[in-house]
Amino acid sequence: MSTRIAFLKGHGTENDFVIVPDPENAVDLPPAAVAALCDRRAGIGGDGLLHVVRSAAHPEAAAMAGEAEWFMDYRNGDGSVAEMCGNGVRVFARYLQHAGLVAEGDLAVATRGGVKRVHLAKDGDVTVGMGRARLPEGEVTVVVGERSWPARNVNMGNPHAVAFVADLAHAGDLFAPPPVSPASAYPQGVNVEFVVDRGPRHVALRVHERGSGETRSCGTGACAVAVAAARRDGADPAVTGQPATYVVDVPGGRLVITESPDGEIEMTGPAVIVATGEIDSEWLETVAR
C-alpha cells in the first residue's frame with residue numbers, strides 16, 4: 001500500500017511553489033522527483049519547491065539551528081539546488097504561520113544564503129531582510145536577438161544580470177536563457193532581469209530565472225534591480241546616507257524594496273497559501289528513478 005506525503009501550494013506575487021513539510025528531513029527529494037512535482041502538466045506545478053525542514057535535521061543547516069529553527073531547502077523547478085529565493089522565503093514564512101508553527105511578528109529562516117529575518121505583518125504582507133548586495137567588478141553584456149545591453153552584475157546570495165531596456169518586449173520570449181557574456185562572470189548560471197522605468201523610483205521587470213525559465217516574479221531579482229537602479233540614479237544609500245526605496249512591478253504583482261545606508265535590503269510583498277493535498281509516494285518513487 002502506498003503512503004501519502006503532505007504538500008501545499010503557495011505563491012508570492014504569482015511566483016508559485018510546491019511546499020513539502022518534512023520537519024525531520026525524512027522525505028527523499030532527488031532532482032528528478034522535484035522536477036516531476038514542479039511539472040505543470042504531469043505534476044503539481046510550480047516555479048520551485050520549498051522543502052520545510054528543521055535546521056537541526058539538515059546537514060546544510062545544522063550550524064544555523066541556534067539562530068533559526070526552520071531551514072528553507074529550496075529547489076528550482078528543474079530540481080537543481082538554489083542558494084536563495086526571496087519570494088520563496090515569504091511563502092515559507094506564510095506556511096509556518098498557516099501551520100501554527102509561528103505567529104505574527106518576527107522570525108528567522110535558515111537558507112543556503114544565510115539566516116534571513118522575516119516579519120509577518122497584520123495586514124498580510126511579509127517583509128524579508130535580504131542581506132546586502134555584492135557588486136562584482138567587470139563589464140557584463142546581455143544579448144537577445146539583434147539587441148544587446150550592458151548589464152549590472154549584482155549578487156543577492158544568487159547571481160543576477162540587470163539590463164535596463166526601452167521596452168520589456170525586447171526581452172523576447174525568454175523560453176531559453178538569454179546569452180550573457182563573459183560566461184566566466186557566472187560560472188553557475190545567472191538570473192537575467194530586463195527593466196523599464198515606470199516613474200520616479202518605480203520600475204518594472206521581466207526575468208528569466210536560472211533553472212526555471214521566465215517566472216511571474218523573482219524576489220532576489222527585484223532586490224537586484226532596485227540596487228542597480230539606485231546606482232544608476234545616483235541614489236546609492238551608502239553615498240547619500242538616506243534609504244532608497246523602489247517600487248518594483250513584476251508580472252505577478254508588486255514588491256517594495258528598501259536599501260538602507262548600511263547596505264541591508266528589505267523586501268515587502270504578499271504571500272498566499274492556496275491549496276493543500278497529498279502526494280502518492282509510489283508515483284514519486286517512480287518518477288524519481
Side-chain angles (χ1 to χ4, degrees), residues 7-21 34 37-38 40 44-52 68 70-77 82-99 101-102 104-113 115-131 156-158 160 191 193 203-226 245-258 265-276:
F7 80 91
L8 299 89
K9 183 72 183 286
H11 77 92
T13 51
E14 298 182 11
N15 197 184
D16 62 335
F17 308 96
V18 179
I19 305 164
V20 178
V34 173
L37 286 167
C38 291
R40 296 191 182 279
I44 296 165
D47 293 322
L49 182 143
L50 305 175
H51 185 205
V52 184
W70 296 98
F71 173 53
M72 184 182 77
D73 174 17
Y74 181 69
R75 318 292 182 84
N76 293 314
E83 302 92 338
M84 241 296 285
C85 175
N87 287 319
V89 174
R90 295 203 325 280
V91 175
F92 187 95
R94 177 67 74 222
Y95 161 73
L96 294 177
Q97 183 186 39
H98 173 88
L101 298 168
V102 302
E104 286 176 2
D106 298 327
L107 70 145
V109 174
T111 77
R112 291 185 178 86
V115 175
K116 303 302 177 185
R117 306 295 169 182
V118 182
H119 180 78
L120 290 154
K122 290 183 178 180
D123 66 6
D125 275 350
V126 183
T127 298
V128 179
M130 300 291 287
M156 286 298 309
N158 59 356
H160 297 268
N191 304 285
E193 286 80 26
V203 297
L205 68 80
R206 288 178 64 197
V207 57
H208 185 283
E209 285 200 63
R210 176 184 57 167
S212 297
E214 182 173 16
T215 60
R216 300 284 293 168
S217 181
C218 176
T220 56
C223 293
V225 164
T245 297
Y246 280 78
V247 173
V248 182
D249 291 339
V250 296
R254 176 170 287 181
L255 296 166
V256 178
I257 313 298
T258 298
I265 298 168
E266 289 189 338
M267 173 182 64
T268 300
V272 183
I273 301 297
V274 299
T276 63

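Hydrogens, waters and symmetry mates are skipped; everything else that's a heavy atom, side chains included, is used. For clarity, every value in this text was computed on a predicted model and none was experimentally measured. In this chain, residues are counted from 1 in sequence order.
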Is any side-chain heavy atom of [X] less than 4.5 Å from a side-chain heavy atom of [Y]?
X: Asp47; Y: Cys38; result: no
X: Thr258; Y: Ile265; result: no
X: Phe7; Y: Thr276; result: no
X: Leu8; Y: Pro21; result: yes
X: Arg216; Y: Asn15; result: no
X: Val256; Y: Val248; result: no
X: Thr245; Y: Ile257; result: no
X: Val247; Y: Val203; result: no

When you measure from the side chain of [X] to the backbone N and O of [Y], does any donor-acceptor pair fall under 3.5 Å?
X: Lys9; Y: Gly45; result: yes
X: Arg90; Y: Gly269; result: yes
X: Arg75; Y: Leu49; result: no

> Do the charged groups of Glu214 and Arg206 touch, with an N to O distance under 4.0 Å?
Replying inline: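 Here Glu214 pairs with Arg206 in a salt bridge, since their nearest N and O are under 4.0 Å apart.
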>> So which atom in Pro270 and which in Arg254 form the shortest heavy-atom distance, rounded to 0.1 Å?
In response: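 Smallest heavy-atom distance, with atoms named: CD-O, 4.1 Å.
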Just to verify, what does [X] make a side-chain hydrogen bond (donor to acceptor under 3.5 Å, both in side chains) with, not counting sequence neighbours?
X: Glu266; result: none
X: Glu83; result: Arg210
X: Asn191; result: none
X: Thr215; result: Glu209

>> List the residues meeting salt bridge (Lys or Arg N to Asp or Glu O under 4.0 Å) with Arg112, not counting sequence neighbours, and say none if there are none.
In response: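 Partners of Arg112 under the salt bridge (Lys or Arg N to Asp or Glu O under 4.0 Å) test: Glu60, Asp73.
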>> My understanding is that only residues two or more places apart in sequence, or in another chain, count here; which of them pass ring-ring contact (aromatic ring centres under 6.0 Å, His included) with Phe71?
In response: His58
>> Among Pro251, Ser217, Cys218, exactly one meets side-chain contact (heavy atoms from CB on, under 4.5 Å) together with Thr13. Which residue is that?
In response: Ser217
>> Please identify which of these residues, Val20, Val18, Ile19, Val89, meets the side-chain contact (heavy atoms from CB on, under 4.5 Å) condition with Leu50.
In response: Ile19
Counterpart residues, side-chain contact (heavy atoms from CB on, under 4.5 Å), relative to [X] (two or more places apart):
X: His11; result: Glu14, Asp16, Val272, Val274
X: Ala108; result: Ala68, Val115, Arg117
X: Ala224; result: Val154, Met156, His160, Val162

Rounded at 0.5 Å granularity, tell me how far [atom1] in [X] sits from [atom2] in [Y].
X: Leu107; Y: Leu96; atom1: CG; atom2: CG; result: 6.5 Å
X: Phe92; Y: His51; atom1: CZ; atom2: NE2; result: 9.5 Å
X: Cys85; Y: Asn158; atom1: SG; atom2: CG; result: 8.0 Å

Kindly list each side-chain donor-acceptor pair under 3.5 angstrom involving residues 118-131, sequence neighbours excluded, with atom names and distances?
| unit_1 | atom_1 | unit_2 | atom_2 | d |
| --- | --- | --- | --- | --- |
| His119 | ND1 | Asp106 | OD1 | 2.6 |
| Asp123 | OD1 | Asp125 | N | 2.9 |
| Thr127 | OG1 | Thr268 | OG1 | 2.7 |

